[in-house]
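Chain letters run A, B, ... following the sequence lines, proteins first, then strands; residues in each count from 1. Just so it is clear, the model here is predicted, and its values are computed rather than measured.
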Amino acid sequence: MLDIKRIREKTDEVREGLRRRGADLALLDAVLELDRQRRALLGSAEEMKNRRNATSKEIGAARKRGEDTAAIQAEIRTLGDRITALDEQIRGVEAELHKAVLCIPNVPCATIPTGSDASANRVARVEGQSREFAFQPKDHVALAEKLGILDLPRAARMSGSGFPLLVGAGAKLQRALIQYMLDLHTTCHGYTELLPPFVVNSDAMCGTGQLPKMAEDMYHCEKDDLWLIPTAEVPVTNYFREEIIDRPLPIFLTAYTPCFRREAGSAGKETRGILRVHQFDKVEMVKFVAPETSYAELEKLVGNAEDVLQGLGLHYRILELCSGDISFAAAKCYDIELWAPGQQGWLEVSSCSNFEDFQARRANIRYRDAEGKTRFVHTLNGSGVALPRLMIALLENYQQADGSVILPPALAPYMGGIDRLVPK
RNA sequence: GGAGGGAUGGCUGAGUGGUUGAAAGCAUCGGUCUUGAAAACCGACAUGCCGAAAGGCAUCGGGGGUUCGAAUCCCUCUCCCUCCGCCA
């Protein structure tokens, strides 16, 4: 959520930022108008309330002296009625204003590339090298089938398409990867591990910015008005919702959770295998930091995600997303993509964003600065990393001519002696 | 699911209709004293909104109501605690 004062006082700057994003500028004008209305109404209401409060005090004093106050009470009662009416009007305007402000996306960081879609994203770096194959590499669907580690037909029968079902060594590998990543972040990167609820209420969803705009992309339990989380970002960031954080910043939290996404409208090649699914596992990193440090922390966050991939010996690249491609709440965002030889393409496995105070304002997460003044924290998060595509990259990169897959040594401690997946 | 009890400022905790935005204590900050520290003493110390400012308005878990006036009375919701039931 943008600061209404910033919208009011630095309107041009905000307008320009939203224009770079391709956002709806009419909404901004509506907000400005509602803000004007609100302040005008508030002025007269407060004046009336001031009179009522003063008169009430006088009534109290007069009563103590034993005087009759019936006449003045009747008069002030009509004032009360006018206040009630005006308050109702103000509430209406404020509700509309709040609703509109919640729909305005974050202003992008000035330094990111300008562009309307993914084609304007900038390749910041490419790390590692693609492997040379002496044979035609298979894609993950073919590999997984031979290995017997993925059973999509049975999953579809019980849940519909887009719900993966891992079997045997596949399930074990997934569990090993989760543990490898969590251990890396908690022991080497300074994160504290959470295992949060996988279902949250609407306030939490609003706090991180999924609501109100993304309602259609998420699973909703209507009877309880609860939502299945689309990412651990939601419960982990909301850990401090409505709090003034009383421990030193920065705070780093990490969590493994499944993620649930309806992703209406996706189809075709993108949905083959486990490339794009309604349920997937992910390890997420979340940071709560002082505003001055958030951009330096973003760089470190990307480094933390890269360590996961380097530890597995994978080839990846880093994209700096352009103004039109960053998510609703983000001011700046890096995507990390893994090379997948079977797909002959790059797969997004991580998205690392700085939200500045956008989420902190929505979720009301504050801290006390050196002067003891309460300020909004800056929040960041990054995938560290998402599992299905990591699994795809591992299978496709480390496949052998005979269809077996050699596992990277980093996973040895977690695989109970299995260092290679072998066709059945 | 049933019965009861709670929710007050960073924390503990008083307060059942009229200068109570809120006693007291703790914590924190500043000062006095001290070679220094502690102790003691003195003082400061909630947040949001409107306003150029003076100042004003709002807030005692959330929402609604009664009243000239609500932390205090009524309704409702949420959460927490205790007991009973059920249960992996």
| task | Between protein and nucleotides 66-79 of chain B, map the contacts as a letter string: B base, S sugar-phosphate only, - none, heavy atoms under 4.0 Å, written 5' to 3'. | result | -SBS----------
| request: Can you run down the side chain to side chain donor-acceptor pair (under 3.5 Å) pairs that involve residues 72-83 of chain A, sequence neighbours left out, and say none if there aren't any? | output: A:T69-A:Q73
| request: Give every residue pair that meets the side chain to side chain donor-acceptor pair (under 3.5 Å) criterion with at least one member in residues 286-301 of chain A, sequence neighbours excluded. | output: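 For residues 286-301 of chain A, and leaving out neighbouring residues, the side chain to side chain donor-acceptor pair (under 3.5 Å) pairs sorted by first residue read A:K287-A:E297, A:E292-A:R375, A:S294-A:N354, A:S294-A:H378, A:Y295-A:E356, A:E297-A:K300, A:E299-A:Y334.
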| note | Applying side-chain hydrogen bond (donor to acceptor under 3.5 Å, both in side chains) to A:Y256 and not counting sequence neighbours gives A:D281
| query | In chain order, what residues pass the salt bridge (charged side-chain N to carboxylate O under 4.0 Å, His left out) check against A:K49, with sequence neighbours excluded? | reply |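 Counting only residues at least two positions away or on another chain, A:K49 forms a salt bridge (charged side-chain N to carboxylate O under 4.0 Å, His left out) with A:D87.
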Atom-to-atom span, [atom1] of [X] to [atom2] of [N] - whole angstrom:
X	N	atom1	atom2	value
A:I244	B:U47	CD1	P	8 Å
A:L41	B:A58	CG	C1'	16 Å
A:R241	B:G61	CZ	P	18 Å
A:D87	B:C49	CG	P	18 Å
A:R361	B:U47	CZ	C1'	15 Å
A:I90	B:U59	CD1	P	13 Å
A:I7	B:C49	CD1	P	13 Å
A:N364	B:U59	CG	C1'	14 Å

| query | With respect to the side chain of A:R368, which nucleotide from B:G10, B:G56, B:G64 is positioned closest? | reply | B:G10
Write down the distance separating the [atom1] atoms in [N] and [M], rounded off to the nearest Å.
N	M	atom1	answer
B:G21	B:C57	P	11 Å
B:G17	B:G2	C1'	35 Å
B:G85	B:A27	P	45 Å
B:A14	B:A23	P	14 Å
B:U59	B:A71	C1'	11 Å

| message | I want to check one thing: is the phosphate of B:C57, taken as OP1 and OP2, less than 4.0 Å away from some side-chain N or O of A:N50? | response | yes
| field | Nearest-nucleotide comparison on RNA chain B, the residue closer to the 5′ end among A:K64 and A:D3 | value | A:K64
| query | Starting at the 5' end of RNA chain B and moving along, which residue's nearest nucleotide shows up first, A:T374 or A:K49? | reply |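 Looking at the nearest nucleotide for each, A:T374 comes out on the 5' side.
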Which atom pairs, one a donor and one an acceptor, fall under 3.5 Å between side chains of residues 25-32 of chain A and the rest of the protein, sequence neighbours left out?
{"residue": "A:D29", "atom": "OD1", "partner": "A:R15", "partner atom": "NH1", "Å": "3.2"}
{"residue": "A:D29", "atom": "OD1", "partner": "A:R15", "partner atom": "NH2", "Å": "3.3"}

| remark: Its dot-bracket string being built from Watson-Crick and G-U pairs below 3.5 Å, with | for another strand and [ ] for crossing, RNA chain B has the pattern ((((((((.[[[..)..(.....]]].(((((.......))))).(((((....))))).[[[[[..)....]]]]])))))))....
| message | With a sphere of 6.0 Å drawn around CD of A:E47, does it hold more than 12 non-hydrogen atoms of other residues, nucleotides or ligands? | response | no
Which donor-acceptor pairs under 3.5 Å do side chains of residues 414-424 of chain A form with protein atoms, sequence neighbours excluded?
{"residue": "A:Y414", "atom": "OH", "partner": "A:D183", "partner atom": "OD2", "Å": "2.7"}
{"residue": "A:R420", "atom": "NH1", "partner": "A:S404", "partner atom": "OG", "Å": "2.6"}

| So what does A:R51 touch, heavy atoms closer than 4.0 Å: a base, only the sugar-phosphate, or nothing? | nothing
| task | From the options A:D117, A:L319, A:I112, A:N121, select the one residue that forms a side chain to side chain contact (heavy atoms under 4.5 Å, CB included) with A:D325. | result |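 Single pass found, and it is A:N121.
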| note | The complete set of ring-ring contact (aromatic ring centres under 6.0 Å, His included) pairs with one or both residues in residues 203-250 of chain A, sequence neighbours excluded, reads A:H220-A:W227, A:F240-A:F288
Report all interatomic pairs (protein N or O, nucleotide N or O of nucleotides 50-53 of chain B) with separations under 3.5 Å.
{"residue": "B:C50", "atom": "OP1", "partner": "A:R8", "partner atom": "NH2", "Å": "2.7"}
{"residue": "B:G51", "atom": "OP1", "partner": "A:R39", "partner atom": "NH1", "Å": "2.9"}

| task | In plain terms, say whether A:K99 and A:E96 are close enough for a salt bridge, that is, a side-chain N and a carboxylate O under 4.0 Å apart. | result | no
Donor-acceptor list for residues 188-201 of chain A side chains, cut-off 3.5 Å, not counting sequence neighbours:
{"residue": "A:H189", "atom": "ND1", "partner": "A:H185", "partner atom": "ND1", "Å": "3.0"}
{"residue": "A:H189", "atom": "NE2", "partner": "A:D307", "partner atom": "OD2", "Å": "2.8"}
{"residue": "A:Y191", "atom": "OH", "partner": "A:N304", "partner atom": "OD1", "Å": "2.8"}
{"residue": "A:N201", "atom": "OD1", "partner": "A:D203", "partner atom": "N", "Å": "3.3"}
{"residue": "A:N201", "atom": "OD1", "partner": "A:A204", "partner atom": "N", "Å": "3.0"}

Using distance only, find each side-chain donor-acceptor pair of residues 143-170 of chain A under 3.5 Å and give its atom names and separation, not counting sequence neighbours.
{"residue": "A:D151", "atom": "OD1", "partner": "A:R154", "partner atom": "N", "Å": "3.1"}
{"residue": "A:D151", "atom": "OD2", "partner": "A:R154", "partner atom": "NH1", "Å": "2.7"}

